[in-house]
Amino acid sequence: MPELPDLQVFSRNLDKKLAGKTLEKVTVPNDKKLNVSVKSLQSTLQGQKLQKVHRVGKELHLDFKDGDVLGLHLMLRGQLHLFENKNDHKHTVIALLFDDGTGLAMTDGFGQATPTLNPEDREAIDALSPKMTAAFLTEQLQSTKAAVKNVLLDQNIIRGIGNAYADEILWDAGISPFSAANKIPEASIKALAKSIKEVLHNAEKHILKEHPDIISGEIRDFMDIHNPHKTHSPKGAAIQHKTVGGRKTYYTEEQELYK
DNA sequence: AGCATCCTAGGCG
DNA sequence: CGCCTATGATGCT
């Protein structure tokens with residue numbers, strides 16, 4: 001499943017491909033997760049010009065000319081596909097057809113991928129926002145004794161970090177994912193702030209270089225720690241894993257456990 | 001805070 | 001060829 005760096009590349013490519021086109025028809029074969037009726041979605045968006053595609057947290061935002069926004073969240077298994085004129089992708093949740101015959105479909109066998117008309121602005125800041133500073137992290141981490149990894153994953157605090165990148169970031173910062181958030185010293189919080197930016201930016205750069213045109217899937221092969229094909233970290237420690245709450249955490253002894 | 005829920009498909013044995 | 005797992009968010013206990 002795609003995480004922030006993948007989505008960043010997708011949004012870029014979709015913007016290149018679709019911005020400036022007028023939405024002719026939107027269909028929602030699976031409207032279980034849609035926050036408005038299909039009719040109201042259609043009457044709001046059809047006929048509007050798509051101005052911009054960009055990423056907000058783990059969601060893609062399609063900004064239309066009159067200020068309406070279509071949010072697309074891929075959740076666990078959602079995928080995006082471009083099509084010409086007719087969409088035949090299986091498990092289509094929503095399909096957008098533009099005036100030149102180009103189409104975009106979001107599919108999901110699980111049916112969990114979520115389209116949202118005019119998603120509410122959330123207070124949580126984006127992981128790549130300039131507001132994501134060591135000072136911000138200090139404030140957030142001090143207020144809870146929860147495991148630091150859970151804080152990174154909490155979309156109500158920071159938007160955009162998922163399970164795989166949380167492990168990469170924490171290894172890079174030298175902090176054990178099981179550390180109590182309020183026990184992490186200032187110097188390590190600074191390292192963490194730096195690692196969040198660096199790990200996400202480097203991943204995006206890598207994906208863009210190796211897969212410049214992708215709009216779907218996830219690229220994971222280059223990950224150093226959260227990677228089932230690797231046994232040792234770049235610095236040589238054995239990678240360990242532990243399943244917490246149904247999802248796997250990868251870590252090494254190179255990471256300090258604060259408790 | 002922590003676990004069950006959604007219930008597919010691709011990868012690996 | 002069948003089993004296993006992977007990722008997110010919500011809502012319950």
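Each chain gets a letter, A, B and so on, in the order its sequence line appears, and its residues count up from 1.
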* **A:Lys230 NZ/CZ over A:Tyr250 ring centroid, <6.0 Å and within 45° of normal** => no
Pairs under 3.5 angstrom, nitrogen or oxygen only, protein versus nucleotides 1-3 of chain C, please.
none

* Charged N to carboxylate O under 4.0 angstrom, A:Asp167 versus A:Lys248? -> no
* Asked: Does one hydrophobic cluster hold both A:Ile94 and A:Leu45, with members joined at side-chain heavy-atom distances below 4.5 Å?
  -> yes
* Asked: Is A:Lys194 salt-bridged to A:Asp172, going by a charged N under 4.0 Å from an acidic O?
  -> no
* In whole angstroms, how far is the C1' atom of C:dT7 from the CD1 atom of A:Ile219? -> 15 Å
* Asked: Taking atom CG of A:Asp121 as the centre, does the number of heavy atoms from other residues, nucleotides or ligands within less than 6.0 Å exceed 12?
  -> no
* Asked: Which part of the nucleic acid, if any, lies within reach of A:Thr144 when heavy atoms closer than 4.0 Å are counted: base, sugar-phosphate only, or nothing?
  -> sugar-phosphate
* **d(CD, A:Glu3; P, C:dG8) in whole Å** => 5 Å
* To do: Check the distance between C:dG8's P and A:Lys33's NZ and give it to me in whole angstrom.
  => 15 Å
* Charged N to carboxylate O below 4.0 Å: is that the case for A:Asp31 and A:Lys33? -> no
* Is it true that A:Asp100 and A:Lys21 make a salt bridge, defined as a side-chain N closer than 4.0 Å to a carboxylate O? -> yes
* To do: Taking only heavy atoms on the protein side, list every residue of residues 226-234 of chain A lying under 4.0 Å from any atom of DNA chain B, sorted numerically.
  => A:His229
* Asked: When clusters are formed by joining ILVMFWY residues with side-chain heavy atoms under 4.5 Å apart, either directly or through shared neighbours, do A:Leu141 and A:Leu153 land in the same one?
  -> no
* Asked: Would you say the side chain of A:Leu50 lies within less than 4.5 Å of the side chain of A:Leu70, judging by non-hydrogen atoms?
  -> no
For nucleotides 9-11 of chain C, list the nitrogen or oxygen atoms of the protein found under 3.5 Å from its nitrogen or oxygen atoms, one pair per line.
residue, atom, partner, partner atom, Å
C:dA9, OP1, A:His73, NE2, 2.7
C:dA9, OP2, A:Lys58, NZ, 3.0

* Asked: Distance between the P atoms of C:dA9 and B:dG10, in whole angstroms?
  -> 22 Å
* **Nucleotide C:dA6, atom P - distance to CG of A:Asp6 in whole Å** => 17 Å
* Would you check if there is a donor-acceptor pair between the side chains of A:His54 and A:Asp15 at a distance under 3.5 Å? => no
* Asked: What is the distance, rounded to the nearest whole Å, between atom CG of A:Asn163 and atom C1' of C:dT5?
  -> 12 Å
* To do: Apply the side-chain hydrogen bond (donor to acceptor under 3.5 Å, both in side chains) test between A:Thr107 and each candidate in A:His81, A:Lys90, A:His91; give the one that qualifies.
  => A:His81
* Of A:Asn150 and A:Asp108, whose closest DNA chain B nucleotide lies nearer the 5' terminus? -> A:Asn150
* Considering just the side-chain nitrogens and oxygens of A:Lys248, establish if one lies under 4.0 Å of OP1 or OP2 belonging to C:dA6. => yes
* To do: May I have the distance from A:Phe178 (atom CZ) to B:dA1 (atom C1'), rounded to whole angstrom?
  => 15 Å
* In whole angstrom, give the distance that lies between atom NE2 of A:His241 and atom C1' of C:dC4. => 15 Å
* To do: Please step through side chain to side chain contact (heavy atoms under 4.5 Å, CB included) for the pair A:Val199 and A:Trp171, ending with a clear verdict.
  => CA-CA 10 Å; A:Val199 168; A:Trp171 179 79; over 6 Å; no
* Nearest-Å distance for atom pair CG/C1', residues A:Asp221 and B:dG11 -> 14 Å
